[in-house]
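Here's the structure we're looking at; comments come further down.
Lettering follows sequence order; numbering is per chain, from 1.
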Amino acid sequence: MKFPELDSGVDLTEVEEKCRTLWDDTKIHDYNPESKKPLFSVDTPPPYVSAAHLHAGHAMSYTQAEIIIRYKRMQGHNIFYPMGFDDNGLPTERYVEQKYKINKKKTTRSEFRALCIEETQKGAKTYEELWRSLGLSVDWDLKYSTIDDLSRHTAQKSFLDLHSKGLLYRANEPVLWDTHFETALAQADLETISRKGKMYDIRFEDSDGNPLIISTTRPELIPGCVGMFFNPSDQRYSKLEGGKAKVPLFDIEVPILTSDEVDQEFGTGLMMCCTFGDGEDVKKWKENKLETRLVISPDGKMTEAAGKYEGMQIAEARKHIVTDLQEAGFIVGEKTVEQNVSVGERSEVPVEFVMEPQWFINLLKHKDEFLKRADELEWFPAHMKVRLQHWVDGLKYDWNISRQRFYGVPFPLWYVEETGDVILADEADLPIDPIEDEPPQWAKDKYKGMTIVPETDVLETWMTSSLTPLINANWAGREGRKAGMEIYPMTLRVQAFEIIRTWLFYTMAKSHFHTGSLPWKNVMISGWGLNEQGKKISKRDLEKFTDENGYNRYDPYSLIKKYGADALRYWAANSQLGRDLRFHEKDVKDGRKVVIKLWNVARLAFMYMEDFDANTQTVPVHERPVEDQWLLNEINKLNAKMTECFEKYDYATAKESLHKFFWITYCDDYLELVKTRFWENTNWSEKDILSAKSTLYESLRLLVGLFAPFIPHVTEEIYQQAGKFGEDNVSLHVSKWPERNDFKFELAEDMQVILKTLYAVRKLRSERQIGQGARLDKLVLQVSNGGDLETTVKKLDTSLLSAARADQIDFGSANVETGIDGLAIDIVPHKDVS
RNA sequence: GGGCAAUUAGCUCAGUUGGUUAGAGCGCUACCUCGACACGGUAGAGGUCACAAGUUCGAAUCUUGUAUUGCCCACCA
């Protein structure tokens with residue numbers, strides 16, 4: 001074919017748009033359920049749309065996975081790559097409330113849901129646009145949202161299935177509670193913060209009026225004290241066992257008991273148990289069947305049980321109680337301590353315990369099974385598995401899935417007020433909202449005349465998010481979905497490390513319960529994109545550094561506009577799997593350089609290939625000059641290495657090898673050597689020139705293929721411009737991953753002579769300040785040990801002249817070492833070039 | 001307090017199963033506008049591989065300990 005002349009100043013934006021149109025039109029990213037190709041299905045995080053503040057870190061983590069997906073597609077897999085959007089939960093609820101100034105009590109859930117869906121669709125659009133402009137090869141027909149009918153149906157089916165398997169129970173127990181949002185929380189919703197607190201030594205008394213000193217940071221819980229404990233092996237207090245302790249300020253007597261959990265060394269070795277200060281209190285309360293005297297209400301105020309402190313906020317009550325204790329002489333010591341407090345991850349308010357009837361999924365009984373599943377799963381990188389194991393080991397509570405919120409997936413059930421019976425929805429009716437929908441007919445018949453009330457709590461968001469593989473596989477069996485359970489278990493889960501304890505764990509647990517299998521075979525854990533200081537990129541970074549044109553260096557759109565999507569993608573592959581990546585704008589710029597360089601390589605190759613016809617003019621590899629054979633061999637090695645890396649999801653090492661090869665071996669060495677074959681007055685034969693064309697043609701095709709997963713746009717454009725290299729594909733991205741040519745390269749030593757000569761000449765030129773391109777009069781060679789080397793050097797004379805860009809070779813006296821034993825060189829410039 | 005990871009050039013990072021003189025990019029110095037590319041090329045300066053001990057003929061690499069950083073976990077009330 002006649003290769004076109006490529007523009008020297010390529011417009012990357014135009015190229016990217018052109019590619020996107022091609023990909024959309026040809027639907028090459030779509031999942032094909034009929035395909036016989038091996039399946040590669042990906043479970044990727046549904047981003048939280050309402051809290052959208054997109055930054056380079058998002059672009060990074062999604063791109064890292066997508067590079068793998070592009071590779072797998074080229075390896076001949078049938079790709080299932082859906083994108084979901086998470087619009088469930090508190091942030092959406094608050095956003096919609098504020099935006100529409102809604103009083104939730106005056107609206108119905110379905111109306112509110114409609115608004116949420118509307119808002120989140122807007123957010124989803126922003127994401128979709130970004131993902132598209134980044135070149136993510138998502139099948140957009142597979143889009144889902146965590147509040148759509150499919151997801152609600154799946155979540156409710158999950159509830160029914162767990163119920164039927166006896167894995168659910170409803171209990172009125174102390175639960176972790178967020179007093180700010182007034183809702184229950186699960187263990188995974190907690191965070192720990194460090195803060196300074198005061199520890200008070202407070203005097204209780206035994207029945208004889210002898211002091212019993214306990215240490216506490218929470219004196220406001222004293223009215224809720226229901227017992228005092230010491231370690232059974234603590235001799236100091238053994239005579240107290242079975243006695244009573246008098247609680248200061250309050251006219252209460254509580255039993256004195258023992259517990260192994262008490263640390264004798266801590267404080268006086270005595271501790272109070274309150275309903276409820278922490279999980280340990282709950283445990284002691286349960287084990288010893290202690291009284292219940294709740295002093296903190298769900299809204300974070302003191303209850304009636306707190307006597308005169310009733311109605312005060314917790315912190316306020318603490319202050320007052322401390323003052324009163326001091327005045328009455330009950331405080332015998334105090335000190336400032338560093339304390340770790342569990343807080344709700346959204347409210348950052350310390351969690352309390354309250355008693356509310358809640359639904360729980362039984363987790364604690366299944367720890368061993370989860371650990372086994374964690375082992376079965378293949379982790380990339382492997383050390384991330386430990387994080388899940390530790391989390392499972394440390395689980396203390398069953399999973400509370402009830403949330404006292406307005407918005408979310410409703411529980412599919414009603415209660416019978418008179419009997420307390422639970423009426424479950426029929427699966428055929430899902431999704432339902434018990435507030436708005438009628439209970440099943442059988443229930444209405446059975447409980448005729450009784451009061452049936454809906455469950456008003458909603459399922460917590462992870463209850464839905466934990467089902468993404470089953471949502472995607474249409475486990476719910478809804479009409480109109482392209483894919484079914486044939487994609488299950490999925491091949492790969494992609495996510496960041498901070499949600500191992502939530503998303504990963506819950507998804508695994510659910511899959512285990514519902515299907516008795518893992519939800520996916522492999523998991524790939526990404527790190528975070530960090531700012532230059534190594535901190536999380538914050539909303540503040542995005543606001544603070546935005547200039548008057550709306551440009552912000554952390555904003556993916558800004559970066560794409562300035563450097564191109566391929567450049568940003570290339571940057572994303574900089575960090576090793578699972579590692580964080582510090583953002584530096586210049587690194588994105590480096591990506592752009594590679595894109596432009598590759599474009600220019602194509603220009604060069606096109607120019608020299610002219611109207612090369614690969615079908616009729618290709619020279620057999622073994623008949624080509626040593627440089628050509630060497631290059632093809634180097635590409636073979638590179639290909640083998642990259643393929644091996646990709647199979648381990650190691651996009652970073654694959655990229656690095658490719659980068660190094662491209663810049664040094666290909667551009668600096670090979671192209672510089674091969675160029676002269678096309679110049680006038682060369683000693684190269686016509687066949688050698690055809691060899692060069694053959695090699696340029698083949699190597700450019702290979703390069704474009706190897707670069708394709710990283711920089712899909714520019715590679716596609718080159719591929720198309722090159723007439724697809726005569727292949728029958730609509731796109732480079734559905735072409736076959738380059739195959740290795742298994743010829744044997746046997747001229748490595750010859751090539752060393754050429755390369756070492758080239759390097760020596762460069763060094764000499766630099767030392768003598770002769771331009772690298774300037775023609776030389778003579779290349780002087782001195783072969784000191786004769787024999788084979790001399791034969792080799794003579795055989796390679798044309799190559800050596802090319803390497804030196806000299807007019808003639810002179811065998812004489814030279815004293816610049818080449819690094820080849822016995823070969824020294826010198827150069828003689830033309831007289832007019834001094 | 002426990003765990004996981006990291007610590008290599010001024011900065012960001014590679015360094016494959018232990019094997020000559022530890023690499024790249026950016027930045028820096030000097031030179032080169034030569035027929036793809038100055039978003040380029042060539043040469044160069046710059047590192048006691050966090051520290052200490054050990055294993056070994058040989059350690060950035062393996063072992064142990066220490067320090068620092070990041071993340072995760074934890075009931076010291």
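One can place CG of L764(A) at 22 Å from P of rA30(B), the figure rounded to the nearest angstrom. If you measure from atom CZ of R603(A) to atom C1' of rA36(B), you get 6 Å, rounded to the nearest angstrom.
For rA36(B), the OP1/OP2 oxygens have a side-chain nitrogen or oxygen of K675(A) closer than 4.0 Å. At rA74(B), one or more side-chain N or O atoms of Q187(A) fall inside 4.0 Å of OP1 or OP2 (strictly under the cut-off). For K385(A), no side-chain nitrogen or oxygen approaches OP1 or OP2 of rG3(B) to under 4.0 Å. Between K586(A) and rC39(B) there is no side-chain polar atom (N or O) within less than 4.0 angstrom of OP1 or OP2.
Shown here are the side chain to side chain donor-acceptor pair (under 3.5 Å) partners of E647(A), two or more places apart in sequence or in another chain: Y71(A), K72(A).
At a threshold of 4.0 angstrom between heavy atoms, the contacts of V594(A) with the nucleic acid are absent.
The backbone N or O of N815(A) sits nowhere less than 3.5 Å from a side-chain atom of D826(A) that would complete a donor-acceptor pair.
The residue among E532(A) and K763(A) whose nearest nucleotide of RNA chain B is located toward the 5' end is E532(A).
Taking the ring centroids of Y563(A) and W571(A), they lie at or beyond the 6.0 Å cut-off.
Atom CD of E14(A) sits in a sparse spot, with 12 or fewer heavy atoms from other residues, nucleotides or ligands closer than 6.0 Å.
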